[in-house]
Amino acid sequence: MISSHQVPTERRSSCVAAWAGAQGAHEAAYGQIGDRDHHGAMSTDTIQTTNPATGEPIAVYPFDSESKINQSLAGCTAAAATWAAVAASERAVVLAEIATALLERKEELATLVTTEMGKPLAEARAEVDKCAWTFEWYADHLVSLLADEPVERDDTHGSWVAFKPLGTVLAIMPWNFPIWQVTRAAAPAIASGNGFALKHAENVTGTALALERLFGTTGVPDGLFKTLVMRVQDVAKVIADDRIQSVTLTGSMRAGRAVAAAAGRSLKKTVLELGGSDPFIVLADADVAAAAASAVKSRFQNAGQSCIAAKRIIVVEDVASEFTERFIVGVRHLVVGDPMLPGTDVGPMARVDLRDEVARQVDASVAQGARVVLEGSVPSEKGAWYPPTVLDDVSAGMAVLAEEVFGPVAPLVRVKDEAEAIAEANRTRYGLGAAVWTSDLEHGRELAALLAAGSVTVNGMTASDPRMPFGGTKESGYGRELSSYGLKEMVNVQAVNIFKP
């Protein structure tokens with residue numbers, strides 16, 4: 001266990017309290033379809049999962065055979081047909097059952113998540129809570145969300161828009177929030193009457209199978225939620241299968257291009273959430289103390305492995321020195337250690353190869369002129385550890401700005417004024433989330449309109465929420481998850497017109 005930054009629990013800053021918003025994915029989620037997926041496979045026949053805190057093996061899982069995949073798809077398709085015929089009011093009751101099942105198994109699921117991918121246990125518990133809340137939200141609103149929408153026309157006996165399930169949705173999900181990522185796709189897909197086939201990241205195979213078992217204890221038809229333990233090179237074939245009607249992916253831009261191409265060949269709809277390099281802007285009139293506390297939490301929760309973390313911290317020069325001082329104090333108070341222990345704020349990264357990639361990005365940026373003001377080197381402990389790291393004097397073109405950094409590294413970018421801050425924020429190929437801090441709330445509204453992002457937060461940290469749509473623009477992908485918008489991604493929007501004979 002890494003010991004740098006360890007402090008007594010009572011000294012921890014309030015800005016690093018328990019996780020408060022499950023968030024998106026990462027640039028290294030999946031390789032190109034057809035390439036070897038570096039998620040822990042130890043041979044062509046099995047997956048070996050590993051505890052990233054200790055480097056010790058957890059379990060070995062065989063890949064599904066072609067016949068088993070075929071059987072799973074057949075079962076999911078049959079279950080989807082049964083489920084589609086169930087009234088929305090009855091499906092809502094089952095969604096509430098799923099929420100209850102998640103809460104009843106919270107400790108089991110959270111422990112499995114922490115063991116497989118390393119997030120602190122408190123964050124894993126909160127992740128399960130958020131998933132239960134999301135299923136509850138859809139249970140409470142499903143009937144109104146799927147109600148026919150009448151259209152007034154003088155030339156028909158009746159016209160309306162109806163929302164019909166598509167069939168079976170294939171979800172390709174990453175490891176960083178291994179239950180929440182699945183829930184973001186599964187809740188609206190199942191709520192709207194579809195079947196759900198999950199291809200999860202290899203290093204969280206145990207979690208994927210546990211979710212399948214959990215759904216099997218609820219009122220959904222047998223086989224409606226099915227985990228496919230399959231190789232990456234099999235994904236394109238499954239996408240092309242006639243029993244798959246839609247594909248949703250959270251992962252890298254590279255994976256998004258491959259999935260979109262494969263789906264396009266079969267004319268299948270896709271929803272893609274492809275990560276981000278979110279700006280966190282602090283203006284001269286901001287509450288600097290609050291902004292610094294929020295930036296620490298946003299950047300370092302889940303060891304920085306979140307697509308909507310504060311990845312580029314942009315501060316105007318009038319408050320840059322004060323912000324930097326407060327930010328560094330907050331980072332120093334983070335407790336880094338065993339993710340199973342109470343009081344731990346930062347655990348290991350999910351895999352050693354991902355840790356090594358972050359180290360490369362930091363080293364490259366330092367070589368380009370960035371200055372390490374806190375930590376910055378790979379420790380000798382066994383496991384996927386990397387210490388919370390802060391870089392100052394960061395400028396355009398450096399690796400930590402030009403690339404998505406999916407780990408506990410915070411680059412500080414000092415800018416002259418607000419105009420330069422907005423320009424710097426938009427200087428990226430990504431467009432997932434953004435945060436801006438200002439005491440002028442009306443001006444905050446104006447600034448939100450200037451930021452090229454799927455989600456903008458003023459005076460807070462970006463977080464997903466079942467009540468709000470989640471997704472990005474530019475190379476962060478397209479389509480939306482959650483809320484009514486996520487539900488409508490999973491249906492056939494059917495126009496009905498009745499004419500008098």
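In this text, all values refer to a predicted model and were calculated from it rather than measured experimentally.
- Put simply, the side chain of V235 reaches to within 4.5 Å of the side chain of K199, judged on heavy atoms.
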TODO: Check step by step if side-chain contact (heavy atoms from CB on, under 4.5 Å) holds for T156 and I498.
DONE: CA-CA 6 Å; T156 69; I498 308 295; 5.8 Å; no

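- Smallest separation of non-hydrogen atoms from W180 and E127: N-OE2, 2.9 Å.
- The distance from atom CD1 of I179 to atom SG of C131, rounded to the nearest 0.5 Å, is 6.0 Å.
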- [ ] Evaluate side-chain contact (heavy atoms from CB on, under 4.5 Å) for V94 paired with W83, printing each intermediate quantity in order.
- [x] CA-CA 11 Å; V94 178; W83 186 237; 3.7 Å; yes

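- Side chain to side chain, S294 and W437 fail the donor-acceptor criterion of an N or O pair below 3.5 Å.
- You'll find the side chain of D465 stays beyond 4.5 Å of the side chain of L482, heavy atoms only.
- Checking side-chain atoms of K226 against main-chain N and O of L73 turns up no donor-acceptor pair under 3.5 Å.
- Proximity of I308 to F470: side-chain heavy atoms (C-beta onward) are separated by under 4.5 Å at one or more points.
- Between the N176 side chain and the Q305 main chain, a donor and an acceptor come within less than 3.5 Å of each other.
- More than 12 heavy atoms of other residues, nucleotides or ligands lie within 6.0 Å of CD in Q494, so this atom counts as buried by the packing criterion.
- Rounded to the nearest 0.5 angstrom, L224 CG and T82 OG1 are separated by 9.0 Å.
- Of the inter-residue distances, the one linking S159 atom OG with D148 atom CG reads 12.0 Å to the nearest 0.5 angstrom.
- Shortest non-hydrogen contact noted between D278 and A434 is OD2-N, 4.2 Å.
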Only pairs under 3.5 Å count here: list side-chain donor-acceptor contacts from residues 442-453, not counting sequence neighbours, and write none if there are none.
residue : atom : partner : partner atom : Å
H443    : ND1  : E446    : OE1          : 3.0
H443    : NE2  : E418    : OE1          : 2.7
H443    : NE2  : E418    : OE2          : 3.0

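- Taking the side chain as every heavy atom from C-beta outward, T250 and R184 approach each other to under 4.5 Å.
- Within the model, atoms NE2 of H200 and CH2 of W175 stand 11.5 Å from one another, a figure rounded to the nearest 0.5 Å.
- Put simply, the side chain of T217 reaches to within 4.5 Å of the side chain of R105, judged on heavy atoms.
- For the pair K474/R429, no side-chain contact is recorded, criterion being any heavy-atom separation below 4.5 Å from C-beta on.
- G275 approaches C307 most closely through the heavy-atom pair CA-CB, 3.7 Å.
- No donor-acceptor pair under 3.5 Å is formed between the side chain of Q181 and the backbone N or O of P174.
- With 3.5 Å as the limit, one finds no donor-acceptor pair spanning the side chains of T438 and D440.
- Judged purely by atom type and a 3.5 angstrom limit, T227 uses its side chain to pair as donor or acceptor with the backbone of A208.
- Screening residues 218-262 for ring pair (Phe, Tyr, Trp, His ring centres under 6.0 Å) gives F196-F225, F215-F225 as the qualifying pairs, with residues at least two apart or on separate chains.
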Open item on the list: side-chain contact (heavy atoms from CB on, under 4.5 Å), that's the test. Do E404 and M253 meet it? Break it down for me.
Closed with: CA-CA 11 Å; E404 180 179 26; M253 290 189 300; over 6 Å; no

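- We find the CZ-CG distance between R125 and D129 to be 10.0 Å, quoted to the nearest 0.5 Å.
- The shortest distance between side-chain heavy atoms of S306 and F177 falls below 4.5 Å.
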Task: Check against salt bridge (Lys or Arg N to Asp or Glu O under 4.0 Å), R257 and E475 - done: CA-CA 10 Å; R257 292 188 180 100; E475 294 189 29; 3.1 Å; yes

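- Formation of a donor-acceptor pair under 3.5 Å by the N194 side chain with backbone atoms of L166 is found in this model.
- Between the side chain of R299 and the backbone N or O of R312, no donor-acceptor pair lies under 3.5 Å.
- Between T218 and A101 the shortest heavy-atom distance is CG2-CB, 4.1 Å.
- Under 4.0 Å is where a charged nitrogen must lie from a carboxylate oxygen, and between K311 and E403 no such pair does.
- The two residues F300 and A410 make their nearest non-hydrogen contact at CZ-CB, 4.0 Å.
- In this structure, S192 and L146 approach most closely via the heavy-atom pair CA-CD1, 4.1 Å.
- S476 places a side-chain N or O within 3.5 Å of a backbone atom of G431 that can act as its donor or acceptor partner.
- The closest side-chain donor-acceptor pair between D285 and S439 falls under 3.5 angstrom.
- No side-chain donor-acceptor contact under 3.5 Å links E481 to the backbone of G486.
- At most 12 non-hydrogen atoms from other residues, nucleotides or ligands lie less than 6.0 angstrom from CG of D222.
- Listed for the K488 side chain is no donor-acceptor partner under 3.5 Å among the backbone atoms of V493.
- Checking side-chain atoms of T114 against main-chain N and O of K119 turns up a donor-acceptor pair under 3.5 Å.
- Interatomic distance, CD of E489 versus OG1 of T248, reported as 8.5 Å (0.5 Å rounding).
- More than 12 heavy atoms of other shown residues, nucleotides or ligands fall within 6.0 angstrom of atom CG in N497.
- Between E104 and L214 the shortest side-chain heavy-atom distance does not fall below 4.5 Å.
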Open item on the list: Quick one, T49 with Y61, criterion side-chain contact (heavy atoms from CB on, under 4.5 Å). Give me CA distance, side-chain angles, the key distance, then yes/no.
Closed with: CA-CA 8 Å; T49 56; Y61 301 93; 3.8 Å; yes

